[in-house]
Amino acid sequence: MPSELAHINDSAWEQLAAAADYPEASFRYVSLCSVDAASRPQARMVVLRRADVAQRLLEIHTDVRSAKWHELSANPQATAPPAATHEADGKAHFGVVTFRTEVLDWFQLRRQNNRRACFAYGANGRLASSQWVNP
Ligand SMILES: Cc1cc2nc3c(=O)[nH]c(=O)nc-3n(C[C@H](O)[C@H](O)[C@H](O)COP(=O)(O)O)c2cc1C
């Protein structure tokens with residue numbers, strides 16, 4: 001694998017891990033998209049709470065009464081279903097959603113020659129393939 005792609009993959013995951021740890025990080029807020037019962041796309045902003053680089057897991061927190069919780073529970077094909085429900089500090093409706101990343105789509109906007117690359121991961125989190133989309 002070309003070393004630049006390996007570097008981009010490592011760097012992308014470093015930034016995702018940093019986003020979970022530091023409120024001011026650039027990837028702290030992510031747009032989470034699910035599909036509702038009528039097959040309509042639904043997108044909303046959420047805070048990235050944890051990134052497990054080795055396993056390629058991403059975690060968010062939400063309310064188990066929310067639309068996203070129900071949509072993700074009903075559609076495990078699109079994303080990993082909600083993994084666990086906790087009751088802590090009186091937060092009876094607190095839910096944790098853990099996603100296993102299958103594909104990471106990396107894009108870099110530049111004045112000229114924007115760059116885009118795609119990375120795919122196996123079930124164990126190991127990088128299975130990487131390729132440039134542009135150039
Ligand atoms: C900056 C920002 C961060 C947010 N973070 C979360 C979050 O971590 N978890 C969450 O459930 N909702 C979060 N929200 C609210 C969601 O965007 C959304 O409005 C809400 O969860 C209801 O979405 P749903 O009805 O599609 O489930 C955030 C909103 C904003 C503007």
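- Around CZ of Arg110, the count of heavy atoms belonging to other residues, nucleotides or ligands within 6.0 Å exceeds 12.
- For Pro23 against Asp21, the heavy-atom pair with the smallest separation is CD-O, 3.9 Å.
- The shortest heavy-atom contact between Asp36 and Ala38 is OD1-N, 2.9 Å.
- With no hydrogens or angles considered, no side-chain donor-acceptor pair links Thr98 and Arg50 at under 3.5 Å.
- Counted within 6.0 Å of CZ on Arg44, heavy atoms from surrounding residues, nucleotides or ligands total more than 12; the atom is thus considered enclosed.
- The stretch residues 39-63 participates, sequence neighbours left out, in these ring-ring contact (aromatic ring centres under 6.0 Å, His included) pairs: His61-Phe94.
- A salt bridge between Glu4 and Arg115 is present, with a side-chain N of the basic residue lying under 4.0 Å from a carboxylate O of the acidic one.
- For residues 18-54, there are no ring-ring contact (aromatic ring centres under 6.0 Å, His included) pairs, not counting sequence neighbours.
- The two residues Asn114 and Asn134 come nearest to each other via the heavy atoms O-ND2, 2.6 Å.
- Within the 3.5 Å criterion, the main-chain N or O of Leu57 finds no donor-acceptor partner in the side chain of Arg100.
- Hydrophobic clustering, with ILVMFWY side chains joined whenever heavy atoms are under 4.5 angstrom apart, groups Trp106 together with Tyr121.
- Note that Arg56 lies in the cation-pi zone of Trp13, set by a 6.0 Å cut-off to the ring centre and a 45° limit from the axis.
- By the criterion of side-chain heavy atoms lying less than 4.5 angstrom apart, applied directly or through intervening Ile, Leu, Val, Met, Phe, Trp or Tyr residues, Val47 is grouped together with Met45 in one hydrophobic cluster.
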